[in-house]
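These notes are about the structure you will find just below.
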Amino acid sequence: MTFRKLVSEAEHLISIGLSNLGHAGHKFELLDPPKPEFGDLSSNVAFELSKVYDVKPYQFAQEFVENYLRPIIRDEHEKGSLSMIASAEAHPGGYINFRTNNDTFSEITLSRALEDPSYGFWDVGGGRRVNLEHTSVNPNKALHVGHLRNVILGDVIYRILQFTNHAVKVLNYVDDSGLQVADIIVAFKFAGFPVEPPSKPMKFDRYCGDYVYVKVNELYPTKPSLLEKRRYILKELEVGQSELAKFASTIVLRVLLDQLTTCWRMKAHYDLVNFESQIVLSDLWDRTFDWLKNKGLVQLAKEGKNAGCWTINPERASDQEKVIVRSDGTLTYIAKDIPYAAWKVGFVNDPFSYREFCDQWDNTVLWTTTLDISQDKSEHPDFTSADKAITVIDSRQSRLQCIISCVLSKFQQSDNIYLHLGYEPVSLSSRTAHNLGTIIDAKHSVQMSGRKGIQVNADDLIDLVKLKAYEEVSSRHPGYSKERLEMLAESIAVSAVRYNMIKYDLDKNIVFDITESINLDGDTGPYLQYAYARAQRILEKSREKYCRAPLSKLNSEPEIRIIRVISKFDLVIENAARSLKPKILAKYVHTLATAFNVFYETTPVLKEDNREIRIARIALVNAFCKCLEVASGLLGIQSLKEM
RNA sequence: GGGCCCAUAGUUCAGCUUGGAUAGAAUUGCUGCCUGCGGAGCAGUUGGUCGAGGGUUCGAGUCCCUCUGGGCCCGCCA
């Protein structure tokens, strides 16, 4: 909040200086100096103007500072209109560096952080409505670590957008009429697989995915009749209503609830479950199809390999045309996605009624659509006609997502109304794949495959990290009850896994290694929690009541460092929200926690004899906690008072 | 064949949008720091031809081109 003010003051000064020099409006930039010696804010203005005057940047900088900036700073100080900037100086490197008045900077930053209940808030969205789709895992299997990246990325994006004044609805699309569901229905109905998991207790999603789905796929080569059954089932699923479809529906719901249990464990929030079957059964497709035909975006192929199919034109000439309606009249995957996308942004009338699906971990209601109008709740949130749709899916879907995006841009003249937020997938390290019994060649990593059973289960991962966390917590608190230790270990495990999935850039392929993933030291989620717990211990033991503290007493290097980080909070959140890069926030929170840890090691708080300094430091610890709590919250990481 | 992404320390990654000061973390190895508010920490140290070559520029890890190596996509599967 306050760093913004520093920047705007510097902008103001340079602008006046340039205008006095006769270069009003000349562009320049303000940036973070890489080292503290270079001051608090730097400008490249001398590089820009030195071209005009054909002198060395340093020479221009010296003269500009001496003859223009310093007099202006003096003036403004006399008028009392500068609160942040104390001085400017030219550096031999060519930059002009500004220094703050530390006393007032600390004072303003900390009092804002402590007193403003929405410190860090920045209005990026202006209340705009966003439909955010993530997770969308086929309902025939349990989540693996690849899905986890999707869930966590999506959920952090949700939290960031929600925080920056977007009205976000989180959608989870369930493909309940696709091939993968048909596979397990084949197994249950025609291959003799029992519907209940044998003997030992096992989550149903896991049983379906790890066992039934894998085994039935192994049967197909030797029993081709099963493939015919699968085709039959697919048809039935699309028509709906039959006994078989009803059976499939019960299976899907069971798997879905188990999947959601894993997602909720990761503290992900959803607003609506969309079922593909309902999109097919509604008239959403008909309306969209008519529209596509009217616009001339699709055509019926008369000859060639796609004869008898409706196809969609590619955006680029080099791409092939894409079949959306097969020659037998059934719809392809993409044909179901286009009306869904159009529905999200309100391009077609909403054919759905809405009912409550279930309650969630955060005491919110998860809704679902229904075609049965008698079930409609009159008071339900408005899910359709968002200003923007964001779909979180890995980059292997880029081509198809691009088609959807292109088609939607033809609906309405606005670009970017449909955004595919892509990311590179998670693969397994050769060591981890080897441990799973996968036969590997010399490749560095292995793609996961649910169908082949090559995957690391999401719950297993959390459990493993939890085990490690449990050992750590119980060794520190031998007297704690099992329940308390469990709770803490779970929270630590979730934070470790979440942080690990967002600290990398979206375009980075994560090579998942099980051994490395259980690490709780260094650049991890628990590191953040640990800094917070230490700070909390200080506050807990402090007997000072909160009072106006002399914040200007905080001028040691570690203190200034934390304050500097705190002052940039809203800038970082804005940046993360605009760029949709959760990583930016993860990096920030780590920097914040590190700054605190340095302070903690070097600077006594409770042991400080001078009362004024002591209460000022306590105020600093308070501000740190508040900032860390909000920032961690945006990552879905719980701030623990103890661990 | 066409398209997308990646390449920076032994390892995993920041930094590239908007070119500029000594290229930063984490981890590994080694060395210190608990009769101090919690050592899941802190400090120090070892470790880099920023894949290669060319171009633009006063200046390139960052921008442009070519090449090499790796990943992914291109179905009447989803």
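Labels below follow one simple rule: chain letters A, B, ... track the order of the sequence lines, proteins then strands, and each chain is numbered from 1. Quantities reported herein were computed from a predicted structural model and do not represent experimental measurements.
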Checklist entry - Between A/Arg396 and B/G3, does any side-chain N or O lie under 4.0 Å from OP1 or OP2? => result no
Checklist entry - According to the interplanar angle, ranging from 0 to 90°, do the rings of A/His147 and A/His144 count as parallel (below 30°), tilted (30 to 60°) or perpendicular (above 60°)? => result parallel
Next on the checklist: Centroid distance below 5.5 Å plus an interplanar angle below 30 degrees: do A/Tyr95 and B/A21 meet both conditions?
Outcome noted: yes
Checklist entry - How would you label the contact of A/Ile538 with the nucleic acid (heavy atoms, under 4.0 Å): base, sugar-phosphate, or nothing? => result base
Checklist entry - Is any side-chain nitrogen or oxygen of A/Arg534 closer than 4.0 Å to OP1 or OP2 of B/G39? => result yes
Checklist entry - Heavy atoms under 4.0 Å, any strand shown: does A/Lys336 hit a base, just sugar-phosphate, or nothing? => result nothing
Next on the checklist: Any base atoms under 4.0 Å from A/Asp505, or only sugar-phosphate, or nothing? Heavy atoms, all strands.
Outcome noted: sugar-phosphate
Next on the checklist: When you measure from the side-chain N and O atoms of A/Arg399 to the phosphate of B/C72, is any distance below 4.0 Å, counting only OP1 and OP2?
Outcome noted: no
Next on the checklist: Need one value for A/Val605: base, sugar-phosphate or nothing, where a base atom within 4.0 Å counts as base even if backbone is also close, heavy atoms only.
Outcome noted: base
Item to check | Selected nucleotide, minimal atom distance to A/Leu179 side chain, candidates B/A78, B/A21, B/C72 | outcome: B/A78
Next on the checklist: Would you call the rings of A/Trp310 and A/Phe289 parallel, tilted or perpendicular, taking 30° and 60° as the class edges?
Outcome noted: perpendicular
Checklist entry - Whole-Å distance between B/A25 P and A/Tyr504 OH? => result 18 Å
Item to check | Same-atom distance (P) from B/U28 to B/C65, integer angstrom | outcome: 40 Å
Item to check | Presence of salt bridge, A/Glu608 and A/Lys553, under 4.0 angstrom | outcome: no
Checklist entry - Mind checking the C1' distance from B/G41 to B/A26? Whole angstroms is fine. => result 14 Å
Checklist entry - Just checking A/Lys51: base, sugar-phosphate only, or nothing, at a heavy-atom cut-off of under 4.0 Å? => result base
Checklist entry - Mind checking the P distance from B/A9 to B/A14? Whole angstroms is fine. => result 12 Å
Checklist outcome for this item: To the nearest angstrom, the NZ-C1' distance between A/Lys583 and B/A14 comes to 7 Å
Checklist outcome for this item: A/Asp507 has its side chain closest, among B/C42, B/C6, B/A21, to B/C6
Next on the checklist: Do the side chains of A/Arg537 and A/Glu540 get close enough for a salt bridge, i.e. N-O under 4.0 angstrom?
Outcome noted: yes
Checklist entry - Which part of the nucleic acid, if any, lies within contact of A/Glu642, taking any heavy atom under 4.0 Å across all strands shown: a base, the sugar-phosphate backbone alone, or nothing? => result base
Next on the checklist: Applying a 4.0 Å non-hydrogen cut-off, can you work out what A/Glu540 is touching in the nucleic acid: base, sugar-phosphate, or nothing?
Outcome noted: nothing
Next on the checklist: Any donor-acceptor pair, under 3.5 Å, between the side chain of A/Arg537 and the base of B/G38, if you only look at N and O atoms?
Outcome noted: yes
Next on the checklist: Using atom P in both nucleotides, what's the gap between B/U45 and B/C6 to the nearest angstrom?
Outcome noted: 34 Å
Next on the checklist: Distance check, P atoms only: B/G19 and B/U62, in whole angstrom units.
Outcome noted: 12 Å
Next on the checklist: Using Watson-Crick or G-U wobble geometry with both distances under 3.5 Å, which nucleotide pairs with B/G24?
Outcome noted: B/C13
Checklist entry - Which is true for A/Asn138 with a 4.0 Å heavy-atom rule: it touches a base, it touches only sugar-phosphate, or it touches nothing? => result sugar-phosphate
Checklist entry - Which part of the nucleic acid does A/Ser475 contact within heavy-atom distance under 4.0 Å: base, sugar-phosphate only, or nothing? => result nothing
Next on the checklist: Considering every strand and a 4.0 Å limit on heavy-atom distances, what is the contact class for A/Ile334: base, sugar-phosphate, or nothing?
Outcome noted: nothing
Checklist entry - Any donor-acceptor pair under 3.5 Å joining the side chain of A/Thr591 to the base of B/A25? => result no
Next on the checklist: Would you measure the distance from the P atom in B/G54 across to the matching atom in B/G61 and give it in whole Å?
Outcome noted: 14 Å
Checklist entry - How far does the C1' atom of B/G20 sit from the matching atom of B/G15, given to the nearest Å? => result 14 Å
Item to check | Touch class at under 4.0 angstrom, heavy-atom based, for A/Phe38 against every strand present | outcome: base
Checklist outcome for this item: From CD1 of A/Ile403 across to C1' of B/G75 the rounded distance in Å is 12 Å
Item to check | Aromatic stack A/Tyr600/B/G41: centroid gap under 5.5 Å, interplanar angle under 30° | outcome: no
Checklist entry - Is B/C34 in the syn or the anti form, by the rule that syn lies within 90° of 0? => result syn
Next on the checklist: Which nucleotide, if any, forms a Watson-Crick or G-U wobble pair with B/C4, using both distances under 3.5 Å?
Outcome noted: B/G71
Next on the checklist: Assuming nearest nucleotide by heavy-atom distance, tell me which of A/Lys35 and A/Lys607 is located more 5' along RNA chain B.
Outcome noted: A/Lys35
Checklist entry - Should A/Arg326 and A/Asp328 count as an ion pair when the cut-off is N to O under 4.0 Å? => result no
Next on the checklist: Using the C1' atom as the point on both nucleotides, what is the distance between B/G29 and B/U68, in whole Å?
Outcome noted: 33 Å
Item to check | Atom pair distance, as rounded to whole Å: NZ in A/Lys508 and P in B/U11 | outcome: 14 Å
Item to check | Minimum side-chain heavy-atom gap A/Ser632-A/Val589 below 4.5 Å | outcome: yes
Next on the checklist: Heavy atoms only, 4.0 Å cut-off, all strands: where does A/Ser42 land among base, sugar-phosphate and nothing?
Outcome noted: base
Next on the checklist: Let's test your reading of the model: under 3.5 Å, does the base of B/A21 pair with the side chain of A/Asn97 as donor and acceptor?
Outcome noted: yes
Checklist entry - NA contact type, A/Val137, heavy-atom cut-off 4.0 Å: base, sugar-phosphate, or nothing? => result nothing
Checklist entry - Taking NZ, NE, NH1 and NH2 as the nitrogens, is one of them in A/Asp175 or A/Lys336 under 4.0 Å from a carboxylate oxygen of the other? => result no
Next on the checklist: Can you tell me which nucleotide in B/A14, B/A26, B/G20 comes closest to the side chain of A/His590?
Outcome noted: B/A26
Next on the checklist: Applying a 4.0 Å non-hydrogen cut-off, can you work out what A/Ile492 is touching in the nucleic acid: base, sugar-phosphate, or nothing?
Outcome noted: base
Checklist entry - Does the gap between the ring centers of A/Tyr95 and A/Phe38 come in under 6.0 Å? => result no
Checklist entry - Can a donor-acceptor pair under 3.5 Å be found between the side-chain atoms of A/Ser398 and the base atoms of B/C4? => result no
Checklist entry - Salt bridge check: are A/Lys508 and A/Glu424 linked by an N-O gap of less than 4.0 Å? => result no
